[in-house]
Structure formats: C-alpha cells, structure tokens
Student: 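Before anything else, here's the structure in question.
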2 protein chains.
Amino acid sequence: MTKIIDPWGSELIEDYIKIIKDFGLETFDPNLFPKPNRIMRRGVVFAGRDLKQISKSILEKKPFYVLSGIMPSAERIHFGNKMVVENIRYFQDQGAKAYILVADMEAAAARGVPLDEAKQRAMNFHIPAYIALGLDPKKTIFYFQSENKDVLHMGYEFAKKITLNEFKAIYGSADPGRIMSAVTQVGDILYPQLEERMPGIIPVGVDQDPHMRLTRDVVDRTKAKKFFKPSGLYHKYTPSLNGEAKMSKSKPESCIELPEEFSKVKKKLMRAKTGGRDTVEEQKEKGGTPEKCMIFELYKQHLIEDDKELQKIYDDCKAGKLTCGDDKKHCCDLMEKFMKDFEKGIETARNNVDKLNFVKF
Amino acid sequence: MTKIIDPWGSELIEDYIKIIKDFGLETFDPNLFPKPNRIMRRGVVFAGRDLKQISKSILEKKPFYVLSGIMPSAERIHFGNKMVVENIRYFQDQGAKAYILVADMEAAAARGVPLDEAKQRAMNFHIPAYIALGLDPKKTIFYFQSENKDVLHMGYEFAKKITLNEFKAIYGSADPGRIMSAVTQVGDILYPQLEERMPGIIPVGVDQDPHMRLTRDVVDRTKAKKFFKPSGLYHKYTPSLNGEAKMSKSKPESCIELPEEFSKVKKKLMRAKTGGRDTVEEQKEKGGTPEKCMIFELYKQHLIEDDKELQKIYDDCKAGKLTCGDDKKHCCDLMEKFMKDFEKGIETARNNVDKLNFVKF
C-alpha cells in the first residue's frame, strides 16, 4: 500500500527512495539546473515533479514563478524552514518571479489568531525573517490570503471539482477544515497564473506533496483555464536534534527556533545526537559515523557552504581525528554567527517592510 | 431512522407532521405573529425553529433581520419561489432589516456561470423579480457573495468547527463542493450579525433545514462570537402541476416559470391534476376533492388572497357545483393577471435597480 504522508503529521521520512517510488516523483538530478545550490548539490533536495518545464524556462529565459506560503501563527519559525527560502532564492536568481502568500486565514481558522494580528506578525517577523534567510525582496510579490478574492473564488470553484474519495485518497483523511485549507492552497498555487500563464515551481517538504497532487488533478479538470501544472521540488526534513523525528516546534528541546537565545541553542546542540562511539578511545580507533550525526546534518543542510570544508569534517570524523565535543563546539561557533547575522538581517528587513511589493486588491 | 432531506434533492415531502417530529421543528402557530400573511394563515407555512425570539423582537420592536439568497444561475425562477419573498415581505412589514445575498459564487462553481454574468443576471432579472413579487427594496440590503470577504472568511473558519461525520449526519452525504457551499451559506446566514448582534429569521423550504442545523451547531461552537442562533420558518413546497413532486424547472411541463409566456402557462394549467371525478355526472353527484387538486393548491398558496373567496371555491367544489373545466378557466384568468402584473413590476424594478442598497466592500 502506498504510504500516505499527510501535511498535518510530524513523522520523519526514513526512506526517501521509497517515497519517490510510491508517490511517482522524479529523483532530483542536480545537473538539471544551472549552478545548483548547496542543498541541491548535497541530495537534501531529493525529488521533484515536472522539473523539466522549469529547467526549460530557465535555459530559454522564459517566465516562470516560484511560490511559497508563510503561516503567521507562531511568533517564531525553526531552522528547518530555512531550506524553502534557499530554494526560492535559487529560482529568483535563475529568473523566477517569486510569490509569497501569508496564510492568515489558515492561521485564524486553525490557530485562532485574528486576521489583523496575523497580519501584524507577518509584517513584524515572518516576512523580515524570510528576507533575512535570503529571499530577494526586490523580486518578490507578497499577498495576504484573506485579501485575495481570486484565491478564495478559486478555492470555492475547485471544491466542486473533486470528490470526497479522491480527497481521502490523496490526504488519507478528509474533514471540512482540511478540505477548506487544501482547496484554498490550490487557489494559492495557481494564482500567479491568473496574471500570466506560466509554469511555476513550489519548493516544499515532501509532506506537502498532497497539495501538489490535488492541484495537478484540479488543473486536469479545469482544462478550459489552461493552467500549467505546478512543478514540485522536495527537500528532506531537517531532523530534530535527537534524530527521532523532523525538527518541529512542538518538541522544543530538540528544535532550533528562529530567533532563539544563543545560550539555549548551545545547550540543545551540546545534547544533540551524534554518530560518536561509546568512548573517546573507541572513536579514535574506529572513527565516528557522521551519517548518523545530527551535528553533521546541520553542517550539510545549513551551516557549511563549502563542499570541501564539509568533506574534510566527514573524513576527519570517519578517521577518528575529530571528537564529538570539539565538533559540537565548532557547530556552536557557526550557529552563533548565523544567529547574529539572522537577527541583524531581520532588523534591517523590518525597517524596510513597507517598501515591499504587496498585491493591491 | 430520521429521514434526511438534502437541499439538492427534489422530492416532495408528503408527511409534514413526520418532518416536524423527525427534525425537531416547532409546529407553526399563526397566532405567534401579528397579522399573519396568507400562507401563514393557511398552514402553508407549517413549521419553525426558535420563533419566539422573533415574535418577541416584533412585539418589543427590537431589531431583527430576515435573510434569503438568490441563485442567479438560471434566466428564470418558478412560481414556488414566490413564497420566500412573501415571507420576507411579511417580516419587513413587522420591522425586520432584510438581507438578500446573491449566491454568485455558487452559480459560478456549481453551474459554470462566470461571476460577471451572474452579477448581470441578478441585476437584470432576479433582484427585480424579487421586488416584483413583493420585496420592499427600501428596507433591503443586498450583497454579492463573491465580494463579501467577511462571509468567505467565516466559511473558512467555520469549516474547522465541524467534522465530516457531523456534516454527513446533517446532510446525508458529504463532498468537498457541498461542504464549501454549506459553510459559505452559514457565513451568509450569520453575516448580518457582524454589523449588529440581533436575532434573524430565515424563511425556507424544509429542504434547506440542514443549513439551519449546521448554522445553529456552528453558533454553539463559536460561543465567543455571541451570535444569536438563526430562527427558521418553513413553508411547504408548491407541488408540480401533476402533483408528483415539488415544482421544479427540471420538469418544465409541470412547472410554472416566471416569467413565462401566458399561452404556455395556460396549456400547462389546463393539463394540471385536479381532484375531479371520472365524469362530470359523478362530480356533480359526489363533489370534487380540492385537497388533491393542484389548481386549488395554486389558489391557496398564491392566487387568492381572500380567505372567504377561497372557502367558497372549496365548498362549491365539494358540493359538486364547480366543474374542473370552469375552475381551470378561473385559475387561468387569475394567473394571467398575476403574470401581467409581475412583468410590469419587473420592468419598473429593473429601471431602478441602481438605486438599491448594495453593501460596499
């Protein structure tokens, strides 16, 4: 039976190869795109859907878009959210028009955050945070879901195109709230094409693939509208620091939040699961197992840009030249710098948030 | 098992007493309201929900609202639609603020009518038709569903308050399109209370009761918002002219459309099912059965205002003094006058449609 991954769950997907097969995804080939970014090069981006239409747009310099959503319910995000932003930035650099929607309706309905407060939070924190993480604000169009009648209208229309059983087959379950969220997200994903018919790519964690499948089904059923089916780009999750699940704010002790006081982050990092041996002697003799090390995972996914530098750490660990204690200190140093830059970046972006390009409705 | 009546079906409800019991409705008591209108006096309005809060508002001259929706998909309505308008007018005369929403999103999603065309149709026909049927335009606030973000936001929020099983228990089935329609209608029903907290009454055919139940459940689950639960007022259906179902445009041969060329209406009336005997002789001897006569039903529900005049026809029929042929001719005369007045009324209302009170968004 095909495993159903639902966007509301929190499990860590162990077997990404199986996911590719079960979901009918394409294995990601970094050679498909020019100058692949760090997470593309390193297999963190591991799968896609319909990627050729995007690489064609890039090579032929034709218009395409990249889209993502911000959920302004919490006061913070977490380290794992960074990957989506990096992929958006990658496509921006390759010529994409970027759309960032603020899912304020979802925040209101699912988390009880009033619309005006959700807006405030997005303006004060989430949008500046995305910019601090690398989003190019000059090439980004922002909108609030609650203000975008076109999206709401599409959601209403698309709901009529799907049956309950189809919904269940895609999402594993169905309830009115999830249906409402999902059809509205389909509206979001296709919205940029109302302005200009063009392919689009949605970088997501694989848990979001149901929305991609639903959107692609809806495109099939609204042929008269001539939407392009959205392409998907899937990255692996940043694991929780104990390696047991995906990083999630619901497990704060093994999650690095953004922003977070560095002293707390440091404590969490020092407790993180590594691939070390039981004793230092054993480690020196047999070497460590960086494949199982959450610190190495942070380097690979987020903290070390240079491939050679990463390789050296890997080799040193394997050779028993690196102790987990020293390695964690190194990680803390990198993280401290990252955190400082991030907070500075947020501050700057916050001061310029009123100059951003919001869709006028 | 409770019979589930779904708003999308077309069956005729034979046993209204059973419906009252199964649905937990109040039997309608015409003494509850001052100067009950024709269909209230005659038991065509047969049930309600929470009617006392409305009669209290009337007697104490406190604010309340009456609300109904127009579906601008077709180019015409039918004779049965008239009753809702008469009940709206009744409550307007008793001091209610009336809200008429144009369900243009539903017309677009369910019937493929583009939003701008739906708007056009509503302005050219449906709204003028409602005014021609008696709606007091000076006491009515109109809006288009697609423009009303508050309604769309409420629909989104309310979807999260209900489970799929609850939805199925109320509606008998559930699919994404129906869920979307239903939660949006709940938003419509409660919308006037965003402006002013007050009781409201929704006059409907009993097939619409699921929306009332869903709305009342939603009010229970959004207690912080302090909505009044909407009151419901239920009328029997106008039967099709062959007496086999409720009048419906899907069976044009036994439906009187509005507007419709009178020559066609006449033919349909002459073929209508009556309570006559097999032969004129038998009828003279035993009398007719007006209870089974669709012509008499038209008199009772729509065409004869004066109770004494209606009683005389009943008595004459029972006594065998009235033949079905003569009676049908009489009905045609009344219908012809009605049709002429209706068309004139539409014309006048259409010329003044831009002066109506539309909510500005």
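Letters A, B, ... are given to chains in the order of the sequence lines, protein chains preceding strands, and every chain is numbered from 1.
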Student: Within this structure, what is the CG-CG distance for the pair A:Leu152 and B:Asn148, rounded to the nearest 0.5 Å?
Tutor: 11.0 Å
Student: Do any of residues 353-361 of chain B come closer than 4.5 Å to chain A, heavy atom to heavy atom, and if so which ones, in number order?
Tutor: none
Student: Indicate the atoms forming the closest heavy-atom contact of A:Pro176 with B:Ala159, along with that distance.
Tutor: CB-O, 3.3 Å
Student: Of the backbone (N, CA, C, O) and the side chain (C-beta and beyond), which part of B:Thr163 lies under 4.5 Å from a heavy atom of chain A, both, or neither?
Tutor: backbone
Student: With rounding to the nearest 0.5 Å, note down the distance linking CE in B:Met180 to CD1 in A:Ile179.
Tutor: 9.0 Å
Student: Evaluate the side-chain proximity of B:Glu166 to A:Asp175: yes if any heavy-atom separation is below 4.5 Å, no if none is.
Tutor: no
Student: So A:Leu164 and B:Lys168, do their side chains get closer than 4.5 Å, heavy atoms only?
Tutor: yes
Student: Could you tell me whether B:Arg221 atom CZ has more than 12 heavy atoms of other residues or ligands within 6.0 Å of it?
Tutor: yes
Student: Specify which of A:Leu115, A:Asn165, A:Ile162 makes the most heavy-atom pairs with chain B at under 4.5 Å.
Tutor: A:Ile162
Student: Should A:Lys160 and B:Ser181 count as side-chain neighbours, where that means a heavy-atom distance under 4.5 Å?
Tutor: yes
Student: Can you find a pair of side-chain heavy atoms, one from A:Lys149 and one from B:Ser146, that are under 4.5 Å apart?
Tutor: no
Student: Let's test your reading of the structure: which of A:Glu147, A:Met105, A:Lys161 forms the most heavy-atom pairs below 4.5 Å with chain B?
Tutor: A:Met105
Student: For B:Arg197, does the CZ atom sit with more than 12 other heavy atoms under 6.0 Å from it, leaving out its own atoms?
Tutor: yes
